[in-house]
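To keep things clear, I will list the structure first and then write my remarks on it.
Below, all heavy atoms of this structure are taken into account, side chains as well, without hydrogens, waters or symmetry copies. Protein chains get the first letters and strands the later ones, always in sequence-line order, with residue 1 at the start of each.
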Number of protein chains: 2
Amino acid sequence: MADLVYQNIIADLKKAINAESFPSMKLPDERTLTEHYQVSRSSVKRALNVMANQGIIFKKRGSGTFINPLYLKGGSFFNYNGSNLGVTDSFKAENRTPGIKLLDFQVIKPSAELQRDLFLQPDDFVYEIKRLRLFDEDPFMIETGFIPIKVMPELTEKIVSSSIFNYLEMTKNQEVTRAFLSIFAEPSTRDDQMQLKLKSTEPVGIMEGIFFLDDGTPFEFSTMRLHYQYMKYNTFVTVSGRE
Amino acid sequence: MADLVYQNIIADLKKAINAESFPSMKLPDERTLTEHYQVSRSSVKRALNVMANQGIIFKKRGSGTFINPLYLKGGSFFNYNGSNLGVTDSFKAENRTPGIKLLDFQVIKPSAELQRDLFLQPDDFVYEIKRLRLFDEDPFMIETGFIPIKVMPELTEKIVSSSIFNYLEMTKNQEVTRAFLSIFAEPSTRDDQMQLKLKSTEPVGIMEGIFFLDDGTPFEFSTMRLHYQYMKYNTFVTVSGRE
DNA sequence: TTTAAAAATTGGTACGACCCAATTATTAAA
DNA sequence: TTTAATAATTGGGTCGTACCAATTTTTAAA
């Protein structure tokens, strides 16, 4: 556990919430928490803000801080606490072995749109990497990624046949921690049906977007076509006003 | 514009970024901004944190604060700045008139699952509201909502035939500002195909989840089956570590 | 008893100080 | 010239204070 004050408060409050230590579904007020943890109110507020953004609690000025009832028995929600953006890590728990089959790997001249999305110069080239992802023997996703040569000049077929994100972290100590994603669905194409073993009436879910390095460099544009039963995106949405 | 210091900084920085006042794609350091705006560094940090969470900028300790290149000419992204959760408001810009056709409206005994999701007592009842949403004459979504009687005892067919969220805000000054959403896709059913004018090979996009009032009261469980061409969910994802 | 005013409670915003940690730039040594 | 040590820069975290604003509770008046 990180040794940050607010992180510790979060951890402790989560534990208490899960242990149902607040039958009224209401947390102690901020000043009381300040006293209890022997920290500044600023730190308490910080902790509570993070938890509010995660949807664990609701705050109401003048009234108090309340527990989101759904945070108990986290049944259908809160699967997307997020810890990694890569596919390899995201789908783990299933206790099935993820696999990668390389379908295509080449260097191409990016389209105008791709140039814009990855902020490339006219003479920059990109890798095109097309891979089939599987669990054991079951394919569940066709992934097409575009990575500028200049951000990863040393890419090889070997690297591309396993997790690129892991390689990045291992060798360059850089992490992909942010992405713009667009999520939608389409009827499956013939190719989808072949690769993902879909019937013609069954669709693909699509997650498409740009992945960034820590410093904001666009690292990859990726289109992921998923067997529809494997795409489920859970999210907590807060609207405007607040921050 | 709200008269909050950090909001003003955000507004001003956004304006400057859009005016391309930072050709190096790098913002001034926090201490300089503090000096420039004649505010405390805390307020600068707050502003920058909010902007970082929105994906407008990237911060890197020891190095500086950088502009997300994609925030310029907000082309395909940043459509989801979020301002309202309701359907009526979300799809406006299209300059087509949104319509509602009430398909079903009744009071039922909630399933066990629904009881759990809306945190109901065993003897609570809920409205079931099934509506078809249209743009002009084109149906694009079948919406089935469940609202506990006790949170809205006065619901009528008339209210339900237009925006419930607007009604809530008008009459009770309560707002729906938060939701858990689960986003996925399925092959269309016969009923979907009839209502949404879909071919049998065309899917529906599904957005399903729970909407909350300001104080955390679960207000509605809703399942929205959308014509696949109308479902596009854009989002900026940040991962773990940071907060 | 009911209603209205006042006070207390509770979260929100802002300030500024102090030190830490990651990165970059500079300087000194080899 | 190259390399290693050192300093400066830059964002991160914590503390504590002061005051504001929405809500709830209490008190006083009708």
Collect all protein-nucleotide pairs involving nucleotides 14-18 of chain D in which both atoms are nitrogen or oxygen and the distance is under 3.5 Å.
| unit_1 | atom_1 | unit_2 | atom_2 | d |
| --- | --- | --- | --- | --- |
| dT14(D) | OP1 | V5(A) | N | 2.2 |
| dC15(D) | OP2 | S40(A) | N | 3.2 |
| dC15(D) | OP2 | S40(A) | OG | 3.2 |
| dC15(D) | OP2 | S43(A) | OG | 2.7 |
| dG16(D) | N7 | S42(A) | OG | 3.1 |
| dG16(D) | O6 | S42(A) | OG | 3.4 |

Is the backbone N or O of G55(B) less than 3.5 Å from a side-chain atom of N68(B), with the two atoms forming a donor-acceptor pair by type?
yes
Rounded to whole Å, please give me the gap between CG in D29(A) and C1' in dT23(D).
14 Å
Ring centres under 6.0 angstrom apart (Y127(B), F105(B)):
yes
Whole angstrom is fine here: how far is it from CZ in F58(B) over to C1' in dA22(C)?
19 Å
Option passing ring-ring contact (aromatic ring centres under 6.0 Å, His included) with F180(A) (candidates Y71(B), Y233(B), F236(B))
F236(B)
Could you give the CG-to-C1' distance, from L27(A) to dT9(C), as a whole number of Å?
16 Å
Among K150(A), R116(A), K109(A), the one residue meeting salt bridge (Lys or Arg N to Asp or Glu O under 4.0 Å) with D124(A)
K150(A)
Value in whole Å for how far the C1' atom of dT10(C) lies from CG of N49(A):
14 Å
Could you tell me whether the side chain of T34(B) and the main chain of E30(B) form a donor-acceptor pair under 3.5 Å?
yes
I want to check one thing: is the phosphate of dT10(D), taken as OP1 and OP2, less than 4.0 Å away from some side-chain N or O of K59(B)?
no
Check for me whether the distance between the ring centres of F165(B) and F211(B) falls short of 6.0 Å.
yes
Any salt bridge between E143(A) and K130(A), counting N to O under 4.0 Å?
no
Whole angstrom is fine here: how far is it from CD in E30(B) over to C1' in dA14(C)?
16 Å
Cation-pi check, R46(A) to Y6(A): give yes when NZ or CZ is under 6.0 Å from the six-membered ring centre and within 45° of the ring axis, no otherwise.
yes
Report yes or no: does S21(A) contribute a side-chain atom to a donor-acceptor pair with the main-chain N or O of A16(A) at less than 3.5 Å?
yes
Rounding to a whole Å, what distance do you find between K45(A):NZ and dC15(C):P?
15 Å
Once you round it to whole Å, what is the distance between P of dG12(C) and CG of L33(A)?
13 Å
Name the pairs: protein N/O against N/O of nucleotides 20-22 of chain D, kept only if under 3.5 Å.
| unit_1 | atom_1 | unit_2 | atom_2 | d |
| --- | --- | --- | --- | --- |
| dA21(D) | O4' | R61(A) | NH1 | 2.6 |

